[in-house]
2 protein chains.
Amino acid sequence: MATLKQVAAHAEVSVQTVSNALNAPHRLRPDTLERVNRSIELLNYRPNRNARSLRTSAVELIGYCVPSWPNQTHLVMDQFLHALCAAAETSGRHILLFTAPAAVDGMPTYDDLHARRLVDGFVLSQTETHDPRHGWLKDRQIPFVSFGRVWKETTQPGPWVDVDGAAGSAMAVQHLHETGRRRIAFLGWPQSSGLGEDRLAGWRDRCTELGLPTGGLVVRCAEDTIDEGARATAQLIDSGQPPDGIVALSDILALGALRQLGDRGLTAGADVGVTGFDDSPRASVVSPGLTSLRQPMEQIATELIAILTGTRNDVPSERLLLPELVIRGSSAPG
Amino acid sequence: MATLKQVAAHAEVSVQTVSNALNAPHRLRPDTLERVNRSIELLNYRPNRNARSLRTSAVELIGYCVPSWPNQTHLVMDQFLHALCAAAETSGRHILLFTAPAAVDGMPTYDDLHARRLVDGFVLSQTETHDPRHGWLKDRQIPFVSFGRVWKETTQPGPWVDVDGAAGSAMAVQHLHETGRRRIAFLGWPQSSGLGEDRLAGWRDRCTELGLPTGGLVVRCAEDTIDEGARATAQLIDSGQPPDGIVALSDILALGALRQLGDRGLTAGADVGVTGFDDSPRASVVSPGLTSLRQPMEQIATELIAILTGTRNDVPSERLLLPELVIRGSSAPG
DNA sequence: CTGAAAGCGCTTACAG
DNA sequence: CTGAAAGCGCTTACAG
């Protein structure tokens, strides 16, 4: 492996000049620059990042904790990880993966990775309602950015990027309304979920704006499963005033709705328009396809990295992004 | 941030002694060791890994390329990544994620990461039939280990860990036979897949051993989709001699089989026993649950890391592991 | 525009 | 068992 010194000797300049050729090429005379570059090429020189990091005390590595218990929320994990990785690379950085116990028990791991300079900072995801990680990192002035807000806090502890769930629900209601639905139900989660309440509010507000009923049209599911989604849908159908549209809080609940409609001999789309959230891989493989609100993963990842690396001081460090309604057969009018 | 030097000053020893306290504590007198450890604790000292890596030229980071095009194979990606990460950590290492173009186009990325000392080596997965990465890395003497064999090569270019697909199929056949099935079909892929031929061979051999028929019982699906699995199952049922057992090459094809059986009014399990491969998350949420061959992810990850880090020179650097048959309702006798 | 020199924080023969 | 010193490969004021 060639070193800076060897390149310098080969190009007959000082090491400083070679370093400048790499990091501040404008400081060199064009002919010197070209000569140095030729030597770099010839010797196949690659700067040693450890040496660089030791000097600059920046490792250009971003820590990300791989979730321990894969649940339904993680159906889009692969997409997120890939997008995050790609975004990091556009700024010359990489993602370092680690595992850690949940919540505050895991904080020593974060602390250690930062203190030993394995990472410059962290991207947090799987944010929970009273997530303690944010405050902990903030107190210690460890750089981080969160994908997802910490709900039920008056002020957000630190920068974040999130998707506007209320706007998403509103888009779904609007779409179902435009395809002729007039009784649009909402399949949700228990009240403890900040994310759930956000999406519920969007549904309620848009329904009200459009003059649609909301009474008796909310069913809260105990857990995020297909069975619960099916059960809730059955409850709505049996209520005497069945809905002609269903906005589900998740793709999983929506899949349950589709199954129940099928079991009842109803056609998703023609009879009841159904939408989900997250556009998970399964949304596109079921038949009919599930209309769903896609999280703009590339944009999320780009914003997270931009905030963490401070490359965009022009944008606020709180970014609420709009989801995109991906329309498929489950909401197609008959 | 405290440095070695500061700890040394505080403990009134040389930096060498502090370094030894960390890396070779047996060299210190017990009382000195304790004094040094007290100073380390007090100053909350953490060794700077960049400085260490610069000296030792080992970064203790392992590169792993995040797959670009999430397909069905990646349903178990999350599990693998988590297991890999955990295994790396037990030896003080971490996973560095990166993106790269497919096949040989991506090799400069691997080369660059290694040359700049961002990683010590690589774990390869998503191995393809004529995967060029292995030979390329081997030629350049860049450390790597592969999850999955390079099929259709006479000798494997480098160390690998894989799951025995033939043994898996044989286990599935055995299980279906023990639950009373006597005509066991196989749902496969096109011949181009080495992995597919391996699993097919296991089915054929065990059927023959048990005196079961194999003629007319293989259907090759053009692609790994639920629709193709359903179509192939329909073909088998309509063949005049319908099977009472189906070994599917993947969970996806198996799910197609389950759907088709349901559409025909047949009960999976009681009427036709069905098994899949990989025990993907969906295997446990369908009803009846899908019997499937689980890849031993933790073991795979542990072996990969052990081989790559050379911590176990006692084991060969080629490890063929057995999958585990997870029995669910889809193979329960009536 | 270019160069000599110090130093980032460690580890490791080597000497005592 | 302990210590003084060199050096890993870079970057960065500073001087010319």
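Numbers restart at 1 for each chain; the letters A, B, ... are given by sequence-line order, proteins then strands. Excluded from the calculations below are hydrogen atoms, water molecules and symmetry mates; all remaining heavy atoms, backbone and side chain alike, are included.
Rounded to an integer number of Å, the gap from A:Leu4 CG to C:dA4 P is 14 Å. Taking atom CZ on A:Arg117 and atom P on C:dC8, their separation rounds to 15 Å, with Å as the unit. Atoms CZ (B:Arg52) and C1' (D:dG7) sit 16 Å apart, rounded to a whole Å. Rounded to whole Å, atom P of D:dG9 lies 16 Å from atom CG of B:Leu118. Computed from coordinates, the B:Glu12 CD to D:dG3 C1' distance equals 15 Å when rounded to whole Å. The separation between A:Lys5 atom NZ and C:dG3 atom C1' is 15 Å, rounded to whole Å. One can place CG of B:Leu54 at 9 Å from C1' of C:dC8, the figure rounded to the nearest angstrom. The distance between atom CG of A:Asn23 and atom C1' of D:dT12, rounded to the nearest whole Å, is 11 Å.
The minimum heavy-atom distance between B:Ala58 and B:Ser53, with the atom names listed, is O-OG, 3.0 Å. Here the shortest heavy-atom pairing between A:Asp120 and A:Val59 reads OD1-N, 2.9 Å. The minimum heavy-atom distance between A:Asn20 and A:Arg27, with the atom names listed, is OD1-NH1, 3.4 Å.
The nucleotide whose nearest atom lies closest to any side-chain atom of A:Arg55 is, among D:dA4, C:dC10, D:dG9, D:dG9.
For the salt bridge (Lys or Arg N to Asp or Glu O under 4.0 Å) test, residues two or more places apart in sequence or in another chain that qualify with A:Asp111 are B:Arg46. Shown here are the ring pair (Phe, Tyr, Trp, His ring centres under 6.0 Å) partners of A:Phe144, two or more places apart in sequence or in another chain: A:His134. Taking the salt bridge (Lys or Arg N to Asp or Glu O under 4.0 Å) definition, one finds that A:Glu34 meets it with A:Arg38, sequence neighbours left out.
For A:Thr56 and D:dT11, the shortest distance from a side-chain N or O to OP1 or OP2 is not below 4.0 Å. At the phosphate of C:dC10, neither OP1 nor OP2 sits under 4.0 Å from any side-chain N or O atom of B:Ser19. In this structure, A:Ser14 does not reach the C:dA4 phosphate: none of its side-chain N or O atoms is under 4.0 Å from OP1 or OP2.
Residues of residues 27-45 of chain A having a heavy atom closer than 4.0 Å to DNA chain D, listed by number: A:Tyr45.
Contacts of B:Arg46 with the nucleic acid, taken as non-hydrogen atoms under 4.0 Å apart, involve only primed sugar atoms and P, OP1 or OP2. Residue contacts shown for A:Asn50 are absent, as no nucleic acid heavy atom lies under 4.0 Å away. Residue contacts for B:Asn20: at a heavy-atom cut-off of 4.0 Å it reaches no nucleic acid atom on any strand shown.
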Sort me out a list of protein N/O and nucleotides 13-16 of chain C N/O pairs below 3.5 Å, or just none if empty.
from   : atom 1 : to      : atom 2 : distance (Å)
C:dA13 : N6     : B:Gln16 : NE2    : 2.7

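When each of B:Gln299, B:Glu318, B:Arg149, B:Glu303 is paired with B:Val161, the side chain to side chain contact (heavy atoms under 4.5 Å, CB included) condition holds for B:Glu303 and for no other.
Residue A:Gln6 places its CD atom among more than 12 non-hydrogen atoms of other residues, nucleotides or ligands, all under 6.0 Å distant.
A donor and an acceptor atom, one from each side chain of A:Tyr64 and A:Ser125, are located under 3.5 Å apart. Side chain to side chain, A:Thr127 and A:Ser146 meet the donor-acceptor criterion of an N or O pair below 3.5 Å. Between the side chains of B:Asp278 and B:Gln295, at least one donor N or O lies within less than 3.5 Å of an accepting N or O.
In secondary-structure terms, DNA chain C builds stems of at least 3 consecutive Watson-Crick or G-U pairs, each pair having both distances under 3.5 Å, at C:1-3 with D:14-16, C:5-12 with D:5-12, C:14-16 with D:1-3.
Relative orientation of the B:Phe122 and B:Tyr110 rings is tilted, given thresholds of 30° and 60° on the angle between their planes.
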